[in-house]
S.K.: 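After the structure tokens below, expect a handful of questions from me.
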Amino acid sequence: MSLNLKNDLCVFDIESTGLDVSQDRIVEISMLKKSSTGEESSLTLRLNPEMEISKESSEIHGITQEDIKDAPTFKEAADQIADFIGSSDLAGFNSNKFDIPMLAEEFLRVGHSFDMRARKFIDVQNIFHKMEQRTLLAAYKFYCDKELINAHSAEADVIATYEVLKAQVERYEELENDMDFLAEFSTQNKFKIIDFAGRLAENEKGEPVYNFGKHKGKTIEEVDRNEPGYYGWMMNGNFPRYTKAVLKAEMEKIKAKRQENKKARLEKEEKRMESKIEALKNKFGK
């Protein structure tokens with residue numbers, strides 16, 4: 001079967017130097033793009049992360065320092081990656097928690113203007129876990145009846161992920177062949193995540209809230225009012241750049257709203273005083 005695409009869909013997988021989204025870097029990215037009109041294209045790039053690849057990561061994906069020493073850096077490949085993705089929706093396996101936050105972090109790190117918003121994010125792992133509670137290898141065997149050769153190779157993983165997604169939509173009647181539905185179904189949290197890493201979200205009222213730690217569920221405005229130093233702790237802490245950028249933007253909105261409220265109160269007070277003075281003038285005939 002074919003997926004019902006309203007927009008282009010780019011299925012992608014990242015191999016990295018480690019698992020810390022805010023500190024580690026991409027060493028390989030593989031992308032498979034399916035256009036809404038049926039065309040298919042792919043791109044796989046090895047990247048020089050400009051840092052050491054952890055031994056644990058090399059043992060998993062098989063990429064060594066020697067393999068990427070002459071590869072382009074992310075900064076050098078950023079335009080090519082952004083142009084390939086274009087305005088596509090994004091899909092992957094565990095992509096909402098790892099691949100998408102890491103890709104956003106890389107673009108921010110090099111100052112690239114790639115916009116991660118206004119697109120859908122479909123996480124095949126979230127769909128899989130809600131339906132079967134298995135791994136990618138098991139998913140590939142379960143849905144496609146195939147053995148996954150070269151697991152943890154970005155190219156093999158991304159092809160398997162795409163095939164699993166198609167098989168999932170075909171297998172389950174409750175899964176609509178619609179990217180809006182699948183993006184919503186891929187979301188695990190009760191709040192709408194607004195920073196990819198899941199540190200910030202929107203509550204039922206659409207208010208930005210912290211989604212972790214001691215202030216989980218509290219609005220950013222409430223926390224800033226009661227503990228103003230928390231914002232500074234976040235901005236100076238080891239959090240993803242995208243999380244900090246979203247938090248800064250929300251804080252600027254809060255400050256602007258406070259300024260507007262302050263101005264409105266002052267104008268109201270001025271009018272009250274003018275009315276009071278006018279009343280006194282009328283009283284004393286002046």
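Not measured: the values here are computed from a predicted model. Positions are given from 1 along the sequence.
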S.K.: Main chain of Ile220, side chain of Asp224: is a donor-acceptor contact present, judged purely on distance under 3.5 Å?
M.R.: no
S.K.: Hey, would you say the Phe128 and Tyr143 ring centroids sit under 6.0 Å apart?
M.R.: yes
S.K.: So if I apply the side-chain contact (heavy atoms from CB on, under 4.5 Å) rule between Ile53 and each of Asp67, Thr64, Ile68, which one comes out positive?
M.R.: Ile68
S.K.: Do any N or O atoms from the side chain of His61 and from the backbone of Ser57 form a donor-acceptor pair under 3.5 angstrom?
M.R.: yes
S.K.: Verify, without hydrogens or angle tests, whether Glu15 (side chain) and Ile26 (backbone) share a donor-acceptor contact under 3.5 angstrom.
M.R.: no
S.K.: Which pairs pass salt bridge (Lys or Arg N to Asp or Glu O under 4.0 Å) with one or both residues in residues 155-164, sequence neighbours excluded?
M.R.: Lys146-Glu163
S.K.: Could you tell me whether Asp123 and Lys97 have a side-chain N and a carboxylate O separated by less than 4.0 Å?
M.R.: no
S.K.: Only pairs under 3.5 Å count here: list side-chain donor-acceptor contacts from residues 243-255, not counting sequence neighbours, and write none if there are none.
M.R.:
residue, atom, partner, partner atom, Å
Thr243, OG1, Asp195, OD2, 2.7
Lys244, NZ, Met235, O, 3.1
Lys244, NZ, Gly237, O, 2.8

S.K.: Check for me whether the distance between the ring centres of Phe107 and Tyr242 falls short of 6.0 Å.
M.R.: no
S.K.: Can Asp180 and Lys120 be said to form a salt bridge (Lys or Arg N to Asp or Glu O under 4.0 Å), step by step?
M.R.: CA-CA 7 Å; Asp180 290 353; Lys120 302 298 181 182; 3.8 Å; yes
S.K.: Salt-bridged, Glu260 to Lys263, with N to O below 4.0 Å?
M.R.: no
S.K.: Hey, can you tell me if Phe212 and Phe239 have their rings parallel, tilted or perpendicular (30° and 60° cut-offs)?
M.R.: tilted
S.K.: Drop me the distance from Ser54's OG to Asp24's CG, to the nearest 0.5 angstrom.
M.R.: 6.5 Å
S.K.: Please confirm whether the ring centroid of Tyr140 lies under 6.0 Å from the ring centroid of Phe93.
M.R.: no
S.K.: Is the cationic atom of Lys130 (NZ for Lys, CZ for Arg) positioned less than 6.0 Å from the six-membered ring centroid of Phe185 and within 45 degrees of its normal?
M.R.: yes
